[in-house]
Amino acid sequence: MTTDALPTGAPTGLFIGGSWLTSAAHLEVINPASLTALAQVGDASVDEGLSAVSAAHDAFGAWAATPARQRSEVLRRAFEIMTAEVEDCARLIVLENGKAWRDALGEATYAAEFFRWFAEEAVRVEGGFRPSPAGDKTIITTYQPMGVAYMITPWNFPAAMATRKLAPALAAGCTAVLKPAAETPLTALWVAGVLQRAGVPDGVVNVVTTSQAGAVSSAILADDRVATLSFTGSTFVGKLLLEQTAQRVLPSSMELGGNAPFLVLEGADVSAAVEGAMIAKMRNGGAACTAANRFYVHESVVEDFTAALTAALRGLKIGPGIDRNNDLGAMVSVVERDKIVSLLDAARDEGATPQEVAEAPATGAFIAPHVVSGVEHGSTLTRNEIFGPIVPIVSITSDDEAIAMANDTEYGLISYVYAGDKGRGISVARRLQSGMVAIDRGLASDPAAPFGGMKESGLGREGGFAGIHEFLEPQYLAVDL
Ligand code: NAD
């Protein structure tokens, strides 16, 4: 398929209280590969946002009281539907986000897995029962669903960031209002349609698409019917939201920006490191919070590594993601592409040498991969989240130097380590200030693992055994038995 056609039945209305509603205003969705309009979706007003909160609030009591087994089975059906229709989801992701088909299919599959994982978690929430040390009572710990969860998601993983929040919230017995990024609303609406077909009762999941993220979110967060915020996006917006949630002491889960170091240490297997780098850097065209952002490579292997990585990048086919032969698609928008171009300009001004290693199409929000040598630690490319196919390489002389540079950032989401042997890799990983470390691998994300960052990369963890607890409130019962 090479046209811009949306999958049959892809919804475009606001999803509130189980109905697909036409909003008075509309938001245009652009295909970044062709820069043509794909569709119009509802552009929710503040009132429409609040009516989604009302629907979620009204649905909460019954959903919380629904046996966990039933909630689990709904999520399992959602997994099955999404898996059967994974290509429709991938198609929507490609069309509105621009990424390569292979990345979109990978994302859609990963996104569906959150429904499976949390279907399994829904029935496994453990409480506690133990005598107090003083012997005067029994300490019982139980967990209750928090209530209405407000969720805000970014454009770079429009399916997975939605399911990584919706699945645990529903498993816990919470109801949800989801606000996807304005660039990529179609995928989130499609996911809501999957949940509806899986049997989620009306009002349990609501989706408001809007161009007024700030105004709609402020009103929703000020509403005392909302019990928790789950945000994925930039650290900048995360901090703005934390100021607002502080006013209500609202629990806030934050999955924020990253600045992942990729360490290739003395003795590392260069070809394995290049293979890992191609995944860690190029998945999603570099537009991932987990994307390797800066490469610290030992002086003994830096030339070989740079040459081999440049050759691997040169082999990539760049073009619209809808053509399944392309390896690198478009950035999400011209605005995002131009941010990357200005980072490259800054690197040049600082004396680094960006080398364009392949040719990007002239039309559309494309950018070619660049390998940048002569980069100093502390320069623009090592300080900013690049979010594109740019590889800044810094030469290092020792493990200690690499670790110090890796930790010299306000971010702490993920790091990558290639050290030659696993023991040394693990010792280095233990000294890195990041919530996740991939050792001899270019990919760590897994619905069964705790995903999240240290420092300004976030608060809380999604996925794994921790994920459901972002939507549960512990309650301690003191009983004299
Ligand atoms: P962004 O922060 O600009 O936007 C994220 C979401 O916040 C969008 O839905 C947007 O509409 C909304 N938003 C923007 N301003 C807002 C405001 N004032 N009030 C309320 N909502 C507002 O981020 P982005 O550009 O969409 O995504 C890229 C960022 O997301 C990167 O920094 C990336 O690292 C981060 N990210 C983090 C993770 C993670 O799990 N840690 C995953 C994916 C992306």
Side-chain angles (χ1 to χ4, degrees), residues 27 32 41 43-44 46 49 96-97 99 107 110-111 114 150-165 177-185 187-188 207-222 226 229-245 252-260 283-293 331-333 335-337 339-340 384-388 409-414 434-436 444-447 449-464 466-467 470:
L27 180 63
V41 299
D43 188 356
V46 167
E96 64 179 356
N97 168 280
K99 67 178 75 172
E107 181 192 344
Y110 171 58
F114 284 101
Y150 183 44
M151 304 167 175
I152 304 178
T153 50
W155 48 259
N156 65 337
F157 287 100
M161 298 304 94
T163 60
R164 198 166 76 178
K165 297 184 187 311
V177 175
L178 167 67
K179 192 214 78 62
E183 294 85 345
T184 55
T187 308
V207 182
V208 286
T209 52
T210 182
S211 61
Q212 302 175 61
V216 170
S217 300
S218 296
I220 289 178
L221 293 172
V226 173
L229 167 67
S230 178
F231 174 74
T232 298
S234 61
T235 298
F236 177 78
V237 174
K239 288 179 184 179
L240 288 179
L241 292 167
L242 284 169
E243 283 172 17
Q244 295 174 49
T245 57
S252 306
S253 152
M254 293 276 147
E255 294 291 345
L256 307 177
N259 180 6
R283 191 170 66 102
N284 246 21
C289 52
T290 51
N293 203 55
M331 300 294 103
V332 72
S333 64
V335 172
E336 287 299 320
R337 192 267 315 273
K339 280 189 201 165
I340 302 165
N384 290 280
E385 195 175 17
I386 302 170
F387 244 54
T409 169
E410 67 272 30
Y411 295 104
L413 189 61
I414 188 167
S434 63
M436 303 176 281
S445 304
D446 187 320
F451 186 105
M454 294 180 182
K455 303 198 275 188
E456 292 192 13
S457 284
L459 296 171
R461 294 291 183 271
E462 290 190 324
E470 298 289 335

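Whatever order the structure lists ligands and atoms in, that order sets their numbers, starting from 1.
Set against the non-hydrogen atoms of N156, the atoms of ligand 1 under 4.0 Å away are 43 (C), 44 (C). Which parts of ligand 1 touch S217 is read off a 4.0 Å heavy-atom cut-off, strictly below it: atoms 20 (C), 21 (N). For ligand 1, the atoms lying closer than 4.0 Å to a non-hydrogen atom of F387 are 28 (C), 31 (C), 33 (C), 34 (O). Atoms of ligand 1 lying under 4.0 Å from at least one heavy atom of L241, given by number and element, are 19 (N), 20 (C).
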Margin query: Test side-chain contact (heavy atoms from CB on, under 4.5 Å) on K179 and I152; report intermediate values, then the result.
Written below: CA-CA 5 Å; K179 192 214 78 62; I152 304 178; 3.8 Å; yes
Let's go through R283 and T290 carefully: what are the C-alpha distance in whole Å and the side-chain angles of both, what is the deciding distance for side chain to side chain donor-acceptor pair (under 3.5 Å) to 0.1 Å, and is it a yes or a no? CA-CA 9 Å; R283 191 170 66 102; T290 51; 3.2 Å; yes
**OP:** Quick one: do L241 and S252 satisfy side-chain contact (heavy atoms from CB on, under 4.5 Å)? Show the steps, please.
**Re:** CA-CA 9 Å; L241 292 167; S252 306; over 6 Å; no
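Distance from atom 40 (O) of ligand 1 to its nearest protein heavy atom, with residue and atom name: R164 NH2, 2.8 Å. With respect to atom 12 (C) of ligand 1, the closest heavy atom belonging to the protein is I152 CG2, 3.7 Å. P154 CB, 3.3 Å is the protein heavy atom nearest to atom 27 (O) of ligand 1. In this structure, atom 34 (O) of ligand 1 lies nearest to the protein heavy atom E385 OE2, 2.4 Å. Remark: minimum distance from atom 2 (O) of ligand 1 to any protein heavy atom is reached at S234 OG, 2.6 Å. Looking only at heavy atoms of the protein, atom 25 (O) of ligand 1 is closest to W155 NE1, 2.9 Å. Residue, atom and distance of the protein heavy atom nearest to atom 10 (C) of ligand 1 are K179 NZ, 3.9 Å. Scanning the protein heavy atoms around atom 19 (N) of ligand 1, the nearest turns out to be G214 CA, 3.6 Å.
Distance OG1/T245 to CG/L240: 11.0 Å, rounded to 0.5 Å. Here NZ of K455 is found 14.0 Å from CG of L256. Values are rounded to the nearest 0.5 Å. Of the inter-residue distances, the one linking R164 atom CZ with T153 atom OG1 reads 10.5 Å to the nearest 0.5 angstrom. For the atom pair CH2 (W155) and CD (E336), the distance works out to 4.5 Å, reported to the nearest 0.5 Å.
Between T232 and ligand 1, no N or O atom pair is found at a separation short of 3.5 Å. Not a single N or O atom of E336, backbone or side chain, sits closer than 3.5 Å to an N or O atom of ligand 1. The shortest N/O to N/O separation between V237 and ligand 1 does not fall below 3.5 Å. For ligand 1, the polar-atom distance check finds an N/O of T153 within less than 3.5 Å of one of the ligand's N/O atoms. In terms of polar-atom proximity, defined here as any N/O pair under 3.5 Å, T235 makes no such contact with ligand 1.
Close to ligand 1: F451, with a non-hydrogen atom less than 4.0 angstrom away.
A donor-acceptor contact shorter than 3.5 Å is absent between the side chain of S253 and the backbone of S230.
Of the candidates C289, G258, G233, the one placing a heavy atom closest to atom 42 (C) of ligand 1 is C289. Atom 37 (C) of ligand 1 has its nearest heavy-atom neighbour, among L221, L240, V216, L256, in L256.
Contact annotation for M161 and ligand 1: only side-chain heavy atoms (C-beta onward) come within less than 4.0 Å of the ligand.
Figure legend: K99 and F157 shown as a cation-pi pair, the cationic atom lying under 6.0 angstrom from the six-membered ring centre and within 45 degrees of its axis.
Less than 4.0 angstrom separates atom 23 (O) of ligand 1 from at least one non-hydrogen atom of the protein.
Using a cut-off of 4.0 Å between Lys/Arg side-chain N and Asp/Glu carboxylate O, E456 and K239 are scored as salt-bridged.
Of the residues T232, T184, V332, the one that meets the side chain to side chain contact (heavy atoms under 4.5 Å, CB included) test with P154 is T232.
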